Chemist: 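Can you keep this structure in mind? I'll have questions shortly.
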Amino acid sequence: MASTPGVLGRLRLFRKTPPETKTNQAEDTYYTASQFQLMWWKFRRHHLALIGTFLLFIFLIISLFAEFIAPYDPFTRDAEYLFGPPQRLHFFDETGAFHFPPFIYGIEFAMDPKTFLLTITEDTSIKIPLEFFVHGEPYRMLGFIQSDIHLFGVSDGFVHLFGTDKLGRDIFSRVMFATRISLSIGVIGLLIAFFLGIIIGGISGFFGGRVDNTIQRFIEFIRSIPTLPLWMALAASLPKEWPPLQVYFAITIIIGLLAWTHLARRVRSKLLSLREEDYVTAAKIAGSSDQRVIFRHMVPSFLSYIIVDLTISFPYMILGETALSFIGLGLRPPVISWGVMLQDAQNVRAIALYPWLFAPLAFVILAVLAFSFVGDGMRDASDPYSR
Amino acid sequence: MTQTPLLEIKDLHISFPLDEGTVQAVAGVNLTIYPGQVMGVVGESGCGKSVTAQSLLRIIPPPGRIDAGQILFRPSKLFKDTKGDGVVDLAAFKSNDETLRRIRGNEIAMIFQEPMNSFSPVHTIGNQLMEAILLHQKMTEKEARARGAELLRLVGISNADARMDNYPYQFSGGMRQRAMIAIALSCTPSLLVADEPTTALDVTIQAQILDLLRRLQQQFGMAIMFITHNLGVIAQIADHVAIMYLGQVVEQGPVREILRNPKHPYTMDLLRAVPRLGKTAGKRLVAIEGGIPSPFNRPTGCPFHPRCSKVIPGVCNTHIPQLVQLDETHSVRCVLYEPKVPQPNPEPTDVRTAPAVA
Amino acid sequence: MLRFLLERFGLMILMLAGLSVIVFITIELPPGDFADRQAYRMKSTGVRVTEEDIVRMRQQMGLDRPWPQRYITWIGNIVLYGNFGMSMSQHLPVTQVIGDRIGFTALLALTALAFTYLLAIPIGIFSAVRQYSIGDYFFTFLGYIGMATPSFLLALVLLYFSVMVLGNNVGGLFSPQYADAPWSLEKGLDLMNHLWIPAIVLALAGTAFEIRTMRATMLDEKNKLYVTAARARGMPENKLLMKYPVRVALNPIASTSGWNLTAIIAGAPLVAFVLALPDTGPIYLNSLLDQDIYLSGAMLLFYAALTILGTFLSDILLAVLDPRVRAGGQG
Amino acid sequence: MSEPRLPLLETKNLKKYYPLQRGMFGGGSGTVKAIDGISFYVEKGETLGLVGESGSGKTTTGRAILRAVEPTEGQVLFRLDDKGVIDFTALKKSDLRRFRQYVQMIFQDPYSSLNPRMTARDIIAEPLVASGLAKGSEVDDRVRQVAKRCQLNLEHLRRYPHAFSGGQRQRIGIARALVVQPKFVVCDEAVSALDVSIQAQILNLLMDAQEEYGLTYLFIAHDLSVVEHVSNRVAVMYLGRIVELAPTSKLFYQPLHPYTAALMSAIPDLDPDRVMKPVILEGEIPSPANPPSGCHFHPRCSFAQEICKTQTPEFKEYRPGQFAACHFAEQLELQGALKSN
């Protein structure tokens, strides 16, 4: 039946019209804007999403150039500085004079005569200036760029911005390398989930009927299994003698293996609803082949939703890996991930005495937040044509 | 007519401030409804007919707001015991005012366009019907239930007692609209606002509902403000009709007068644009040129001038036409009928920047 | 309604059956078996183990038969006699090893679930009613944090807080003096005192999610025509919100409560591990590491069964709340 | 009447059943007979109106003819001057695509029927490009030509649908249908969603195009005034079946089927003095999943007898060109929407 849209519906329709103050040219730019331009314009208005995007960019830089950004190799030990607290960067000395680059103070050890605990304090008589682009340990970045230049460092001794762990390894450097591993687990896990989700969801939505029903029941079934215990069982079943790299891939697959259901559902429901869209019917009547209908009409309209879903599932991957590694079922040293690093911080003692061991957690939280913000922003922008 | 009006809308302005600009949804509506009168309000999308209706009950969806004007209403029950002139300005209330709340559903009731969505899916029909009764009448649950069932019978729902316990999904569209009417009538309001009540229904059901409304109007004697875009429906139900275009009433009068002897160019064109049984078959219709302008781009002067076949350049695009009373009941808003025609203005001033109301 | 219940119940049984297969396969997956591991362990302590010994051990434990056969025996014993087999590492029946702990896990999960809704529903309503208020932003922010913080960190922080600030060690389930004491009011209170940390920790992620759900549905429903219609008949604003949008927003809450329970149970082993709770978590972890298959199998089955039961209950809840589901048409 | 013309299109016993899904595992129990044995023909150059209320199956009929939904049973025969008679329903998928250019469709909702991610130009060009009918600059030429014919601003062709109003979108939809110069166009409620002033423009455009290109229309609508305005003949559907089919004037002056009469009595007349006296139908349209026995209309029909409950009335010609499916078509004296004064 004919139904004139309600007031609000109509207003929303017209909200897309630019204000009259804009020139005709601006109007035309708006009217000829493609899907992704419209999405970007909408996304841009979401401040948290922009912050998230910025954070993700930093994470990307860290992952790519960990060797350069980290002052030391993740396994280099500062044997004198075990469980060392973070060294503060100072821009002003005790006289109030400004220094750039900033400096760190030397360290002083003292033994508490009663508890026999070693206390570490700053020795303000020694100033060690931070230097940029210093020569340090040689490395091979991305497997082929050979260099020994690090973003920063000190010429004498060590600098530990995030402190050191029980073996005296620089936590800052280790976190940089762990970022690469942890994010890559997320990315590869997502790729697996994406692949499975698209294929299974695609089959379900494309064929419909009985196939669809069976697959949907199967997905419900998978979803009713509590993930972490199953992950644990699967992870525990990996042979102990496997090399760390193989374990890394296996864990990635395990995590990806359980994450596809959400995506598959989304793909399927989107496909089913798209099949009913008038413009898809119109494309069919226009004589489009199946491929053309799928790739010219259907894929572009659900691609944005899929990307949103991927972004939103990313945190679960990261948290999953962190949890698994934390309890010792996930990645194993010498592979370093955020979760592996956190194995050292399993008890209250660690919080009380060595809180800097939790530095990787800040990265976990930031990464999850960044992906959530970006995901939320993209969700709002994903359908610029919604009425 | 020497009666005192039931409702008088005076120079009402309603706007929706949006990110992209402000939409002037209602731009100076004047409308008078007398007790027991069926006033049809006709217009195309964007003419502000629904917003005007919503403003009577102050249920304009956010961010809409009343900028200016009065909605004078004469309640029949509210001031029974107290003296006073008995007129309230609905536009002056806060939207959660107690008096306003006592008018809603009690003095002015409303039925909506989409019967499928006007009931909560998880409450029974009876529950929602009794709610209206209990809100405004001193009744026990039991009495309210009996009254509810009686109302359902009145609107032609068989097996009413059992139907009280049904959920909306067990009702068809037509039945829901009947139930909605039952709710609206539960407190015998003096004004019923019907916002496109038959648009979503099939023709045969529409006929039933119109028939029912006509019968109930005679029985209860309430006034009805009937909003629709269908001129045929108006012809069949209304005594008076107001034609709206872009937030203004452009012509108003008795339904026969307007349909047979329209004065405003828009009304004339509108009537010619409708296919008519046995008259237009096989012929071209006389279509109105152009489209309805975007609400962000309100034309200057007379809002209809860009599409008007009788436009006077230099006048219609600059001058906002005044409401002209042609006779006691028939009024029109067009420069052609103004006693003193303004001189053409070769350089149109931008009326948009000037305040719409003096 | 009855038809709907039967259908759901049948589905639950079917899913349980399917799950038991998955569980068994998962547990069977690791190359090598308990016999190998036992032999390895004995060797490392200096005991001489021959191939024949291993084969004999295998026979004793029935590990030499093909897995479908073992599955039938396993599931048959469970269904018919409630016998989950022997824990090979502890030489005790599985039921005895985990029996009393299951109760704690279930108690913990339910407490956490209760926390989730006690927090989420009022906060969700508040956020929706006062959309874009400072409170709304605060809770939104909190929600993000709740989602982003791994549960074990929160457990540690709360534990730290409880030790350092409140001065009591709430690790474990009971304070030492009550551990073996008979049940009494004090013991009950002591249990509560220990339960709140894991319960809050487990509830947090779900709470963040449910606040968002509640808020979004409320905002959606608030602008629906039927709410306007009720307003138009003179319903006072507060009553209106409680009767309609809040009521309708409970539906998605009910329908997701099953998943919520799943999430809580999924998180339970990890939190129990950090808090050293004598709940099933640590045993599960150890049984996995030891390839003590009947024990770990029973545990995994238990976790899964609990979530399936949760889903079933949430279906019933939804049916109670939504007449359309009850009718089975759109179920 | 002019001399009989050859039918351009003929449907024979066209059916579309949907399985009704119930239960967890989709065990089919029952079917929805969306259309149940539709037979009619459309002559070259005429407009056949198809009316009915919601759930009557009129939209499904239009789509089944185009195989936008696959018919369950029946034939759609299409007579092309140079290719003879083609059974549309029997065509293989690959062949079907080649014949799409002859049969096109205009949709009801001008919003959902245009892909928001394509420019107006690409939308209009779609039928040409997809079927490979034109290439390169020829595509642009033809798009511009048809867009101009549909009174679209050629400079706006680069714009996306969100830039256009409802009426303009509908023009884009019409241009898309006409760009391949089809023989037959299904107009599925093509003007129902439009405002009165826009509706008149689109109706005029459709009628002009028909004359200019010699088009044949199947005009699906629920608004009887509009159907009367554009159609040469009209078919009335009720619950998946055609209950009456007649030349427009015959149908509107002297309907044979009680449902047609009821439908017509419900048209609100624009003349306030011709008070509508609707034949009040009992109850509502039954669900097509569970239609009444015999004549589907019998529970709501005031003339129903015992036979109507048990026997499905035959659809046959009672007056020249006027077909109906009613046991009492010859006895009843029914009133149409129009009276001969």
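Since we're looking at a predicted model, the values are computed, not measured. We name chains A, B, ... by the order of the sequence lines, and we start the count at 1 in each one.
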Chemist: Out of D:Val226, D:Val227, D:Asp223, D:Ile220, which residue meets the side chain to side chain contact (heavy atoms under 4.5 Å, CB included) rule with D:Val51?
Modeler: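 Among D:Val226, D:Val227, D:Asp223, D:Ile220, the one meeting side chain to side chain contact (heavy atoms under 4.5 Å, CB included) with D:Val51 is D:Val227.
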Chemist: Under the side-chain hydrogen bond (donor to acceptor under 3.5 Å, both in side chains) test, which residues partner A:Arg292, sequence neighbours left out?
Modeler: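 For A:Arg292 the side-chain hydrogen bond (donor to acceptor under 3.5 Å, both in side chains) partners, ignoring immediate neighbours, are D:Glu126.
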Chemist: Given that the side chain runs from C-beta out, which part of D:Arg98 has a heavy atom under 4.5 Å from chain A: side chain, backbone, both or neither?
Modeler: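 No part of D:Arg98 comes within 4.5 Å of chain A.
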Chemist: Are any non-hydrogen side-chain atoms of D:Phe219 and D:Leu203 less than 4.5 angstrom apart?
Modeler: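 Contact flag for D:Phe219/D:Leu203 side chains = yes.
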Chemist: Does any backbone or side-chain atom of D:Asp188 lie under 4.5 Å from a heavy atom of chain A? Answer side chain, backbone, both or neither.
Modeler: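 Neither part.
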Chemist: Less than 4.5 Å to any heavy atom of chain D: does that hold for the side chain of A:Asp290, its backbone, both, or neither?
Modeler: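 Looking at A:Asp290, just its side chain touches chain D.
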Chemist: At a heavy-atom separation under 4.5 Å, does D:Val179 approach chain A through its side chain, its backbone, both, or neither?
Modeler: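 For D:Val179, neither part sits under 4.5 Å from chain A.
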Chemist: Report yes if the side chains of D:Ser112 and A:Glu277 come closer than 4.5 Å at any heavy-atom pair, otherwise no.
Modeler: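 D:Ser112 vs A:Glu277: side chains touch.
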Chemist: Using the side-chain hydrogen bond (donor to acceptor under 3.5 Å, both in side chains) rule, pick out the option among A:Gln216, A:Arg217, A:Arg210 that qualifies with A:Asn213.
Modeler: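 Exactly one pass, corresponding to A:Arg217.
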Chemist: Considering only heavy atoms and a distance below 4.5 Å, find which of D:Val69, D:Leu114, D:Leu66 pairs most often with chain A.
Modeler: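 Top option by heavy-atom pairs under 4.5 Å: D:Leu114.
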